[in-house]
**Q** 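Provided herewith is a single structure, encoded as structure tokens, for subsequent inquiry.
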Amino acid sequence: MSYRYGAWRGGPDPLEPPFDVAGALDRLGERVLSGDRAADALRNLLRQGMPGTRGLRDLLRQARDRRRELRERGRLDGTLERVRELLDQAVEAERQALFPDPSDAARLAEAELDQLPPDTARAVRQLADYQWRSPEAAAAYEQIRDLLRREVLDSQFRGMRDALAGASPEELQRIRDMVADLNAMLEADARGEDTQRQFEEFMERYGDMFPENPRNLEELVDALARRAAAASRLAASLTPEQRAELAALAESVLGDLGLQYELDRLGRSLRARRPDLPWDQGAAMGGEEPLGLGDATTALEELADLESLEASLGQRYPGASLDDVDLEAVERALGRAAVDDVETLRRLERELTEQGYLLREQGELKLSPKAIRRIGAVALRRVFSSLEEGRRGDHDVAGLGLAGEPTGASRPWVFGDEEPVDAVRTVRNAVMRQAPSRFRGGGGGGGGRAPPDPPEHPHLTLAPEDFEVLETERRTSAAVCLLVDQSYSMLLRETWGMAKATALALHSLVSTRYPQDALEIIGFSRLARTVRPADLPDLDADVSQGTNLHHALVLAGRHLDRHPEAEPVVLVVTDGEPTAHLEPDGYPWFAYPPERRTIELTLTEVTRLTRRGATVNVFMLDDDPRLVAFVDLIARLNGGRVFAPSPDRLGDYVVSDYLRARRGRRAG
């Protein structure tokens, strides 16, 4: 058989992932380059979603709309209102039947009706033994008992209201048995007994009473506990008078059914197993439609789901993860399409992690070095796209050395060499060294025997003397310090995002095209600190007061001292004059307007860098006269240059100046 392979033409590619990982990473990069922390950028991506997939923001909006609908659905006292209506109907029908009767018995019955208490529950209980003359009145009173029986049980077990319509005594006894067996099973489970077999037998007998169709005891407990918690919220949402009336009515009907004790046991057990649910928390409900006890409990149960969903979909708590979102609750509240969207976002987060772009450290997602390199490359491409072609290029000098382009020649390896290995010459040396012994003939002509055949798969052993390395052109190395102002004013002037993107672009340029250069990025506000490349995406402006350029220059000097043979390059990005300095005891001193001592200490460090041969170039992001005057002092002391780029061109200026400065006087 023969096969032909070609492009898929049967519609959407069945092997194509439901999302574009590269596109997702680029979106993350856009947010990071605009100044966001990595975790915030990821949260923003998940909130917005991807093409074809709703984000958490849309799902959260849907949940809030649904919650608003539930709150406006109706009043919670519908059962009490309906009981009062039926009671009034029964009493009125009975009075009409008694009025034509002239007997004393009829008058006594009317007097009993006149003396009924205004409290609905007490009136219903007082009429329990009343001998009705009117068939219509008796039917209305029986409706009250049937309504209460069905609504009270429906508030505990979803679906009971319809199941108990016209229930026979045998069916009511089955309910009593079910609750008793359920309590026995829960108590056995609490004692640590294996109840799986007991659960299976329970579901075989009573499974029709549980429309949730639980697969195990935990799912059954979850369904019952959420229902019971919603019923407790309903009671807490009523007025004290309404709550007392409803409790009395429920007690009367449950007492008649013999269920009061068993349901109390069940309630205590469910509370103990699920204390995290919103028990006894009132809820504000509006609307004109009166809701029955079962419908009101259902509304509050769904409301609790939505409130929990809003917290998990918001992802605004420490250690938040999409794994926290309860998919069953999502499906109950928002439908199957919302579940598909959440699962797609989960797969996106998981795919970014599995491909090495995201790392989870101490519960928080961070960008990996792989992702940082990609984002830095994007920032660098932006910079180069706006530079003139003539301002680019390599800056090499003749001579043998490290980290340049190959010259075509090679030499024996010696300890300490870091040049690339010449693989072809290395293998050739090993073959030539081993060939005489491995392929030598078996012994002259004395024996008349032919030389042995060479081995079919000879093993080649490399020795240190076999290795050769490629000779490369020497490139000048540079010790580069990028000092980035992290003071709060950078956020206020909306320049922080570009400063952060510039740091990422410069890191990408140095690590990929000039790996022999030693780059150190130093952020400074009230204090200065060295920023590791892995921390660049999470670099953020500081809300504390102070622009401690003095401390930053001290750290820059230490970096240059560690690389005395490299060309020193110091680049300063700031939007304000220094307002803080480091005291001899190591504590920062802040004052605004800046004190004379702050300016003097900062300029002293500039002088020290100048003596080291470093050129300090300043990129000024504001035209404040104080800043202009201070930067002019730096330029006169050091001989460096001053730039005043617009924030959107900051990266162009910094990268261009680095490329110019790293030519170095030694290369000239």
**Q** Show your working on side chain to side chain contact (heavy atoms under 4.5 Å, CB included) between V325 and L345 and close with a plain yes or no.
**A** CA-CA 11 Å; V325 180; L345 293 175; over 6 Å; no

**Q** What distance do L60 atom CG and L334 atom CG have between them, rounded to the nearest 0.5 Å?
**A**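 Reported value, rounded in 0.5 Å steps: 9.5 Å.
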
**Q** For D181, run the side-chain hydrogen bond (donor to acceptor under 3.5 Å, both in side chains) check against R205, Q198, R176 and tell me which one passes.
**A** R205

**Q** What do the steps show when you test Y206 against F210 for ring pair (Phe, Tyr, Trp, His ring centres under 6.0 Å), and what is the final call?
**A** CA-CA 8 Å; Y206 308 115; F210 300 95; 7.9 Å; no

**Q** For the backbone of D340 and the side chain of T344, can you confirm whether one donor and one acceptor N or O come within less than 3.5 Å of each other?
**A**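 Yes, because the side chain of T344 sits within donor-acceptor range (under 3.5 Å) of the backbone of D340.
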
**Q** Show the numbers, then the answer: is there a side chain to side chain contact (heavy atoms under 4.5 Å, CB included) between R122 and Q126?
**A** CA-CA 6 Å; R122 291 174 57 198; Q126 187 168 317; 5.9 Å; no

**Q** Could you check whether E193 and T195, counting side-chain N and O atoms only, form a donor-acceptor pair closer than 3.5 Å?
**A** no

**Q** Would you call R274 and D222 a salt bridge, taking side-chain N to carboxylate O under 4.0 Å as the test?
**A** yes

**Q** Heavy atoms only: give me the nearest L87-L127 pair and the separation to one decimal.
**A** CD1-CD1, 3.6 Å

**Q** Are side-chain N/O atoms of Q196 and E200 paired as donor and acceptor at under 3.5 Å?
**A** yes

**Q** Does either side chain, that of Y130 or that of E94, offer a donor lying less than 3.5 Å from an acceptor on the other one?
**A**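 Indeed, the side chains of Y130 and E94 share at least one donor-acceptor pair under 3.5 Å.
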
**Q** Below 4.5 Å, heavy atoms only, C-beta onward: do D189 and F199 meet side chain to side chain?
**A**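 No. Closest side-chain heavy atoms not under 4.5 Å.
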
**Q** If I take atom CG from residue D177 and atom CD from residue E262, how far apart are they, to the nearest 0.5 angstrom?
**A** 9.5 Å

**Q** Between R84 and E81, does any NZ, NE, NH1 or NH2 come within less than 4.0 Å of an OD or OE carboxylate oxygen?
**A** no

**Q** Rounded to the nearest 0.5 Å, how far does CG of L266 lie from CG of L186?
**A**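 If I round to the nearest 0.5 Å, the distance is 6.5 Å.
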
**Q** Are D58 and R47 ion-paired here, with the side-chain N under 4.0 Å from a carboxylate O?
**A** no

**Q** For E343, is there an ion pair with R336 - N to carboxylate O distance below 4.0 angstrom?
**A**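 Salt bridge flag = yes for E343 with R336.
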
**Q** Give the minimum heavy-atom separation between F202 and L220, together with the two atoms involved.
**A**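 It is CE2-CD2, 4.0 Å.
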
**Q** Is the backbone N or O of R215 less than 3.5 Å from a side-chain atom of E219, with the two atoms forming a donor-acceptor pair by type?
**A** yes

**Q** With side chains defined as the heavy atoms from C-beta onward, is the minimum distance between Q96 and S134 less than 4.5 Å?
**A**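 A side-chain contact under 4.5 Å is absent here.
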
**Q** Could you tell me whether D65 and R68 make a salt bridge, using a distance below 4.0 angstrom between a side-chain N and a carboxylate O?
**A**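 A salt bridge is present here (some side-chain N lies under 4.0 Å from a carboxylate O).
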
**Q** Is R273 paired with E218 through a side-chain N to carboxylate O contact shorter than 4.0 Å?
**A**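 Yes, charged N to carboxylate O under 4.0 Å.
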
**Q** Going by atom types only, do R350 and T353 share a side-chain donor-acceptor pair under 3.5 Å?
**A** no

**Q** Once rounded to the nearest 0.5 Å, what's the spacing between atom CE of M185 and atom CD of E187?
**A**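 Between atom CE of M185 and atom CD of E187 there are 11.5 Å.
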
**Q** What's the verdict on side chain to side chain contact (heavy atoms under 4.5 Å, CB included) for R265 and V179, showing C-alpha distance, side-chain angles and the deciding distance?
**A** CA-CA 9 Å; R265 286 175 62 199; V179 180; over 6 Å; no

**Q** Do you know the tightest heavy-atom contact between L113 and V91?
**A**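 Smallest heavy-atom distance, with atoms named: CD1-O, 4.4 Å.
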
**Q** If every non-hydrogen atom of S232 is compared with every non-hydrogen atom of D280, which pair is closest and at what distance?
**A**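 That closest heavy-atom pairing would be OG-N, 2.9 Å.
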
**Q** Run the side chain to side chain contact (heavy atoms under 4.5 Å, CB included) check on L327 and R346 step by step: do they pass?
**A** CA-CA 11 Å; L327 295 183; R346 278 184 177 178; 3.4 Å; yes

**Q** To the nearest 0.5 angstrom, please state how far the CD atom of Q131 sits from the CD atom of E112.
**A** 10.0 Å

**Q** May I ask you to say whether E92 pairs ionically with R95, meaning some side-chain N is under 4.0 Å from a carboxylate O?
**A**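 No, this pair does not count.
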
**Q** Just by modelled atom types, is the A90 backbone N or O under 3.5 Å from a matching donor or acceptor in the E136 side chain?
**A** no

**Q** Taking all non-hydrogen atoms of both residues, which atom of L277 and which atom of A229 are closest, and how far apart?
**A** CB-CB, 4.0 Å

**Q** For the pair R268 and D264, find out whether any cationic side-chain nitrogen is under 4.0 Å from an anionic carboxylate oxygen.
**A** no

**Q** How far apart are the closest heavy atoms of R54 and A337, and which atoms are they?
**A** NH2-C, 3.7 Å

**Q** Verify, without hydrogens or angle tests, whether R107 (side chain) and D101 (backbone) share a donor-acceptor contact under 3.5 angstrom.
**A**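 At least one qualifying donor-acceptor pair exists.
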
